[in-house]
Amino acid sequence: MASKPKILIVDDHPTTLKMLGLVLKGMDVDVIEASNGLDAIEAARQHQPTVILLDIIMPDIDGFQVLSVIKQGAHTSSIPVIFLSGVEDSESKIRGLKCGAVDFINKPFNAEEVRARVSTHIKIRELEQALIAKNISLEDDLQRIVTTVNEGIISTDIEGNISFTNPHASEITGYNVAELQGMNLNQLFNHEDNPAQNNLLTNLLEPKGAISAQNTQMIQKDGGLVDVRFSCSPKLENNTLTGTVLIVSDRTDEVAREKALEKAREELRKQRESLAHIERLSTMGEMAAGFAHEVNQPLTAIANYTALSHRLLANPEKHDKLGEVLDKINTQSIRASEVIKRLRGFVAKPSTENRISVSTKQLVTDVITLAEVDAKNNSVPVAIAPHFEDGVVLADPIELQQVLLNLVRNAVESTAEANNKSPVVVDCCAIGKGELKLTVKDHGVGITDEAAKSLFHPFFSTKARGMGIGLSVCKTIVESHGGIIGFEQSDHGALFYLQLPRDSD
């Protein structure tokens with residue numbers, strides 16, 4: 001249960017003390033009496049009353065002197081004092097207010113006025129005490145938050161000298177709180193690794209508002225560097241910059257995760273390239289018989305022309321025909337060399353670091369040449385559309401050849417399966433200013449609705465002997481080039497397309 005308010009009455013006249021006591025009796029307060037200044041000072045120290053009613057004119061120490069002593073006391077300075085005066089003297093009232101009095105009651109006093117004024121100052125005193133308690137509680141809460149928060153807090157003056165830090169700032173820097181006091185921010189940041197940091201630290205103290213989160217490094221006590229992220233807010237008093245507050249978080253774990261993620265991405269990229277290489281080798285295995293036949297033709301011709309050359313050499317009258325035969329041998333050797341060169345280029349391992357500007361017309365021409373054997377074996381020609389729009393993409397040509405060759409060979413097989421001899425048509429057109437669309441159109445059996453759901457999934461294949469990695473690899477390659485791959489169905493086969501960004505150069 002809360003204690004009653006205490007009212008200290010100070011007056012050298014016993015009658016006045018008694019009358020004021022009777023007036024206050026009905027207010028549910030405890031009344032303390034003092035008949036002189038010295039007793040009043042002691043009573044104020046001992047009881048710390050809620051309100052003091054203090055007579056100005058007393059024989060030993062007057063009210064002004066008593067008030068001065070009370071206002072200097074550590075435990076009594078905030079007690080409200082109401083002067084009692086029998087003199088209507090404006091000068092005395094002004095002097096009293098300057099000394100710290102809060103109100104005046106004139107003698108002879110009105111009982112209702114006394115109760116009203118005292119009641120008002122009791123309420124004011126209680127509100128002040130509640131506000132003080134609330135501020136203390138808030139300061140305690142703030143201190144607990146600052147102490148336990150999982151981020152470093154650093155406050156500086158206008159020169160960048162540290163005036164406050166929390167324990168977590170000590171954990172990040174390795175300095176204890178006392179060591180950080182008075183240090184300058186420049187001593188904590190790594191300027192050598194980031195020369196621009198000099199300007200950044202200067203800007204921290206410019207009245208330009210808060211600075212959003214930025215990554216940098218701080219120098220620890222042992223000379224090591226720690227990766228951090230910090231944000232900054234200016235300290236303003238009366239719209240004047242007085243310093244800055246930094247919120248600093250340790251990024252050590254985050255940087256380690258980023259490096260691990262980057263390493264995983266690199267491993268994934270290598271695995272993707274290996275899988276694509278395996279798919280190209282598998283494609284070459286499927287096409288080997290046809291290419292062997294294509295290489296065998298010029299080699300057979302070379303052998304025949306060589307035998308003819310020996311016969312011509314045995315007959316001096318026909319030496320003039322040797323030049324013509326040698327030219328034919330050279331032509332056939334170049335033909336065989338080109339076939340082998342195409343094969344070696346196709347099975348080579350690409351590198352995403354060496355992407356070049358590639359003409360879509362040249363790309364498609366090379367793919368049609370690679371698919372020539374399949375086209376002949378299936379009696380399905382492959383053609384470039386009449387209105388083919390040549391463009392340039394930044395790409396690895398080997399990887400895009402693999403994608404287009406896969407689509408063209410599938411289109412040729414599907415068209416042959418439908419007993420259709422119509423050509424597979426490869427086309428290219430611009431989509432707006434930023435993309436090119438390459439299409440492969442067949443007249444085959446089409447794609448079932450069930451197959452369409454999983455067409456680009458790994459290890460799904462519509463072929464009886466297919467491994468199911470061809471279109472999955474194609475999708476990965478196209479997406480690594482910043483493009484998309486898809487298909488459209490029609491009553492006369494299917495159309496597969498690639499959308500690739502144009503080369504900005």
Side-chain angles (χ1 to χ4, degrees), residues 269 272-273 276-277 279-281 283-284 287 290-291 294 334-376 380-412 423-442 470-471 473-488 494-505:
R269 183 188 67 79
R272 178 186 65 78
E273 289 183 356
H277 188 229
E279 169 64 12
R280 283 197 300 281
L281 293 175
T283 301
M284 275 291 86
M287 299 167 64
F291 274 108
E294 187 175 354
I334 291 173
R335 179 183 172 190
S337 175
E338 287 298 323
V339 173
I340 294 171
K341 187 186 296 184
R342 290 202 304 272
L343 292 176
R344 291 186 63 183
F346 182 70
V347 299
K349 280 194 173 183
S351 173
T352 54
E353 298 177 357
N354 296 319
R355 290 182 177 176
I356 60 174
S357 297
V358 181
S359 160
T360 55
K361 188 69 167 286
Q362 184 61 52
L363 186 70
V364 170
T365 301
D366 292 341
V367 167
I368 291 176
T369 303
L370 285 168
E372 186 177 344
V373 175
D374 275 287
K376 289 178 180 178
V380 176
V382 182
I384 295 178
H387 301 294
F388 188 102
E389 184 177 346
D390 191 14
V392 177
V393 294
L394 185 65
D396 186 305
I398 295 174
E399 287 193 328
L400 287 192
Q401 280 180 12
Q402 179 176 355
V403 173
L404 286 171
L405 181 61
N406 192 303
L407 298 182
V408 168
R409 292 185 71 231
N410 287 347
V412 167
V424 169
V425 179
V426 185
D427 200 358
C428 181
C429 64
I431 306 176
K433 294 182 179 180
E435 287 188 315
L436 293 171
K437 184 175 183 179
L438 283 158
T439 60
V440 178
K441 176 72 174 69
D442 66 47
L471 288 177
V473 169
C474 289
K475 184 174 185 292
T476 302
I477 290 173
V478 172
E479 289 179 349
S480 75
H481 283 75
I484 59 174
I485 184 171
F487 68 94
E488 300 169 2
L495 179 145
F496 280 78
Y497 62 86
L498 316 178
Q499 287 180 207
L500 296 167
R502 282 181 179 270
D503 185 2
S504 57
D505 294 337

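Excluded from the calculations below are hydrogen atoms, water molecules and symmetry mates; all remaining heavy atoms, backbone and side chain alike, are included.
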Does any non-hydrogen side-chain atom of [Y] lie less than 4.5 Å from one of [X]?
| X | Y | answer |
| --- | --- | --- |
| Asp427 | His387 | no |
| Leu498 | Leu407 | yes |
| His481 | Ile477 | yes |
| Val393 | Leu400 | yes |

Quick check for you: to the nearest 0.5 Å, what is the distance between [X] atom [atom1] and [Y] atom [atom2]?
| X | Y | atom1 | atom2 | result |
| --- | --- | --- | --- | --- |
| Arg502 | Leu394 | CZ | CG | 13.5 Å |
| Phe496 | Lys441 | CZ | NZ | 11.5 Å |
| Gln401 | Asp366 | CD | CG | 5.5 Å |
| Ile431 | Tyr497 | CD1 | OH | 9.0 Å |
| Ser359 | Asp503 | OG | CG | 11.5 Å |
| Leu404 | Glu399 | CG | CD | 12.0 Å |

Which atom pair, heavy atoms only, marks the closest approach of [X] to [Y]?
| X | Y | answer |
| --- | --- | --- |
| Ser357 | Val392 | CB-CG1, 3.7 Å |
| Val440 | Ala411 | CG1-CB, 3.9 Å |
| Ala375 | Val412 | CA-CG1, 4.3 Å |
| Cys428 | Thr360 | SG-OG1, 3.7 Å |

TODO: Examine distances only and state if a side-chain atom of Asp442 and a backbone atom of Val424 form a donor-acceptor pair shorter than 3.5 Å.
DONE: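 No: the side chain of Asp442 does not pair with the backbone of Val424.
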
- [ ] Could you tell me whether a side-chain N or O of Asp390 sits under 3.5 Å from a main-chain N or O of Lys361, the two making a donor and an acceptor?
- [x]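 Looks like yes, one N/O pair under 3.5 Å.
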
Open item on the list: Testing Val403, Val478, Val358 one by one against Leu500 for a side-chain contact (heavy atoms from CB on, under 4.5 Å), which residue passes?
Closed with: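 Answer after filtering Val403, Val478, Val358: Val478.
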
